[in-house]
Amino acid sequence: MQAKIDGFMEEVKTRNGHEPEFIQAVQEVAETVIPYIAQNEIYNGKNILLRMVEPERLISFRVAWVDDDGEIHVNRGYRIQMNSAIGPYKGGLRFHPSVNASILKFLAFEQVFKNSLTTLPMGGGKGGSDFDPKGKSDDEVMRFCHAFMTELCRHIGPNTDVPAGDIGVGAREIGFLFGMYKRIRNEFTGVLTGKGLSWGGSKIRPEATGYGTVYFAQSMLKTRDEDVDGKTVVISGSGNVAQYAAEKVLQLGGKVVTLSDSGGYIYDEEGIDEEKLAYVMDLKNNKRGRISEYAEKYSSAKFHKGKTPWDVKCDIALPCATQNELHEKDAKNLLDNGCFCVAEGANMPCTADAVHAFHDAKILFAPGKASNAGGVATSGLEMSQNSLRISWTREEVDERLKGIMEDIHESCIEYGEEEDGYCNYVKGANIAGFVKVADAMLAQGVI
Ligand SMILES: NC(=O)C1=CN([C@@H]2O[C@H](COP(=O)(O)OP(=O)(O)OC[C@H]3O[C@@H](n4cnc5c(N)ncnc54)[C@H](OP(=O)(O)O)[C@@H]3O)[C@@H](O)[C@H]2O)C=CC1
Ligand SMILES: O=C(O)CCC(=O)C(=O)O
C-alpha cells in the first residue's frame, strides 16, 4: 500500500514540485483515501484522486490599483476552481502578502472535502491576492476590491462560483466586492456570501466558523463524557474565527486564556471574559489594531512578542490563525501540559508531524476540513436563503449549523473509527468527503 501512495505522490510532486503546502494537503488525503480506494472495487482503476488533485480551472490575473497618493500598484489575483462535481465552486478569498498558487491550491483542495462533508451541494474553490489590506485606508481597500472584481466577475456567478471571506477579507471587503459585481453585471444575486444583513447576508455567518469549531469540539468531548464547561482553552489568532470561537467557549462555561496575531500572543491568566472579548472585537474589526494593545489595557495579561501560545497549559487548544502555525514541538508541549482536545479552526494549522503526535497520544484531534466547516456550511445556508428570497432567524440558522456539525462528526466516526475504538478524525473526514465527490464524478463520466 505504501508503494501505491508513494507512486501517487511522486506523480503529484512531478507536476507540483514547487508547491509545498499543496503537496502537504494532498499527502494527508492520499495516506487515508488510497487504502480506502484499494478496498472498494467501484473506485478502482478510475484515477479519481489523480483527477481531484488537478484544478478544473486555475485563473490568475493582474490587479492594478491606485493608492491615496496617486501611486499605481500591481498585485496578482487568483481563483482556483478545483472541483464542481457536487455543486458550484464555493470557497473564500484570501488577501495576504503570502498568497500564492500553492497556498490557494491547498485551500481549494481542502475545500472540496470540507464542502462535501457539510451535506450541502457545494463544489470547492478558493481565491485571493497577495494584496495586504494592513495599513491601507478604507478607500485604498475599496479601490483594490473594485479592481479585483472587474476581472473576477467574468468567472463567478450564483450558479457557477460563489466566493466568500477568508484571511484579510471580512465584511468590509465583501461589501466592496459585491458592489462592483452588481454594478458590472447589473444584477442583485447571491454571488458572494458573508454579505451584510440588510443586503442578503445570513444571520450567524460571521459567527459560524468559530461557533462551528466549538460545536465540533463539543461533539468530540461528548464521546469521552467531557464538556467545554470549566475547561481552560488556548486559542491562536484574533480574527473572525478566533473571536467567535472564544465567544462560544465563554457561552459554554470555558475559560479562554490566550489570543494572538502575527506579532505574538497575549496570555491572560484571569481569562478573557465577555467585556475583554468585546474590546478585542472593536480593536481588531474597527480600529484594526494589534493584539499587544490588549496587554497595555488589561494588567492581568502579558504579551509574548513573536511567540505562539502552545506552551500555555490548557485542556483544549483551538488553532485559529493560519496554516502550519503549530509544529511537532508545540504538539509535544501541549500534550505534556495535559491538553487532550485540539480542534482546528484554521485551515491546516497543524503540521503533519504535529498531527502524528496527537494521533500517537490518542487525544481528540479534529482536522479543519471537519471542524471549521461551519463557516462554509452557513454560507451554503446563505445561498439557500438568497435563492428562496427569505431570511431565517438567528435561532433557525444556529440550529441548522449545530445539526450540520453533528452530522459531520457522525460521518467522521463512521469512516474514522479504528479497531480499538479510537476515532481518527483525519481519516474519517477525508474518506467521508471523498466518497460523495467520487460518486458524483463516477456518475458524470470522465471529464
Ligand atoms: N473566515 C471563515 O469563515 C473561515 C476561515 N477559515 C480559516 O481560519 C483561519 C483564520 O481566518 P479568519 O479568522 O477568517 O482571518 P482573519 O483575517 O479574520 O484573522 C486572521 C488571524 O490570523 C492571524 N494570522 C494570519 N497570518 C498569520 C501568520 N502568518 N502568523 C501568525 N498569525 C497570523 C492574523 O494576525 P495578523 O492580523 O497579525 O495578520 C489574525 O489574527 C484561516 O486559516 C482561514 O483559512 C476556515 C474556515 C472559514
Ligand atoms: O464561506 C465560504 O464560502 C468559504 C469559507 C472558507 O473559505 C473556508 O471554509 O475555508
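For ligands, and for the atoms within them, numbers begin at 1 and follow the listed sequence.
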Atom 45 (O) of ligand 1: nearest protein contact (heavy atom, Å): D166 OD1, 2.6 Å

Nitrogen or oxygen of Q323 less than 3.5 angstrom from that of ligand 1: no

Identity and distance of the protein heavy atom lying nearest atom 42 (C) of ligand 1: A321 O, 3.4 Å

Residue part near ligand 1, for S260, under 4.0 Å between non-hydrogen atoms: backbone

Within 45° cone and under 6.0 Å: K182 NZ/CZ vs F188 ring: no

Whether Y267 and H304 hold their rings parallel, tilted or perpendicular, with breakpoints at 30° and 60°: tilted

Test: R290 and E293 ion pair at under 4.0 Å: no

K134 near ligand 1 by a heavy-atom separation under 4.0 Å: yes

Tabulation required: pairs of a nitrogen or oxygen in ligand 2 and a protein nitrogen or oxygen under 3.5 Å; columns are atom names and distance to 0.1 Å; otherwise 'none'.
| residue | atom | partner | partner atom | Å |
| --- | --- | --- | --- | --- |
| ligand 2 | 1 (O) | R205 | NH2 | 2.9 |
| ligand 2 | 1 (O) | S379 | OG | 2.5 |
| ligand 2 | 3 (O) | K90 | NZ | 2.6 |
| ligand 2 | 7 (O) | G92 | N | 3.0 |
| ligand 2 | 7 (O) | K126 | NZ | 2.7 |
| ligand 2 | 9 (O) | Q111 | NE2 | 3.1 |
| ligand 2 | 9 (O) | K114 | NZ | 2.7 |
| ligand 2 | 10 (O) | Q111 | OE1 | 3.2 |
| ligand 2 | 10 (O) | K114 | NZ | 2.9 |
| ligand 2 | 10 (O) | K126 | NZ | 2.9 |
| ligand 2 | 10 (O) | N347 | ND2 | 3.1 |

Closest approach of any protein heavy atom to atom 21 (C) of ligand 1, naming residue and atom: G239 N, 4.0 Å

Any side-chain heavy-atom pair of V437 and S116 under 4.5 Å: yes

Protein heavy-atom partner closest to atom 47 (C) of ligand 1 - residue, atom, separation in Å: T209 CG2, 3.5 Å

Protein heavy-atom partner closest to atom 41 (O) of ligand 1 - residue, atom, separation in Å: S238 N, 3.0 Å

Atom 38 (O) of ligand 1: the protein heavy-atom neighbour that sits closest, reported with distance to 0.1 Å: S262 OG, 2.4 Å

Ligand 1 contact on E325 by region, counting heavy-atom pairs under 4.0 Å: neither

H409/Y425 aromatic ring centres below 6.0 Å: yes

Separation between CG of L334 and CD1 of I363, rounded to the nearest 0.5 Å: 7.5 Å

R290 touching ligand 1 at heavy-atom level, < 4.0 angstrom: yes

Shortest heavy-atom approach to atom 33 (C) of ligand 1 - which of I103, T322, T308, T378: T322

Residues that E410 engages under side chain to side chain contact (heavy atoms under 4.5 Å, CB included), provided they are two or more places apart: none

Contact atoms of ligand 1, heavy-atom distance to R94 under 4.0 Å: 42 (C), 43 (O), 44 (C), 45 (O)

G168 to ligand 1, any heavy atom closer than 4.0 Å: yes

Protein residue, atom and distance nearest to atom 5 (C) of ligand 1, heavy-atom basis: V241 CG2, 3.5 Å

Closest approach of any protein heavy atom to atom 15 (O) of ligand 1, naming residue and atom: I167 CA, 3.4 Å

Side chain, backbone, both or neither: the part of E207 lying under 4.0 Å from ligand 1 by heavy atom: neither

Nearest heavy atoms of G375 and T209, plus distance in Å: CA-OG1, 3.1 Å

Salt bridge flag under 4.0 Å for residues K231 and D315: no

Plane angle bin for Y298 and Y279 - parallel if under 30°, tilted between 30 and 60°, otherwise perpendicular: perpendicular

Geometric N/O contact C320 with ligand 1, under 3.5 angstrom: no

Element-labelled atoms of ligand 1 that are located less than 4.0 Å from some non-hydrogen atom of N372: 46 (C), 47 (C)

Residue selection (non-hydrogen contact nearest atom 35 (O) of ligand 1) among T193, L107, D261, D132: D261

Heavy-atom side-chain proximity of C145 to L177 below 4.5 angstrom: yes

Atom indices of ligand 1, in the order listed, that fall short of 4.0 Å to a heavy atom of N347: 6 (N), 7 (C), 43 (O), 44 (C), 45 (O), 46 (C)

Cationic N near anionic O, under 4.0 Å, D67 to R143: no

Aromatic ring proximity, centroids under 6.0 angstrom, F144 and F131: yes

Backbone or side-chain N or O of K284 under 3.5 Å from ligand 1 N or O: no

Step-by-step side-chain contact (heavy atoms from CB on, under 4.5 Å) determination, F365 to C341: CA-CA 6 Å; F365 172 75; C341 175; over 6 Å; no

Other residues, nucleotides, ligands: >12 heavy atoms within 6.0 Å of K436 NZ: yes

Ring centers of Y265, Y294 separated by less than 6.0 Å: no

K126 N/O to ligand 1 N/O under 3.5 Å: no

Exercise: identify the closest heavy-atom pair between L120 and A377: CD1-O, 3.3 Å

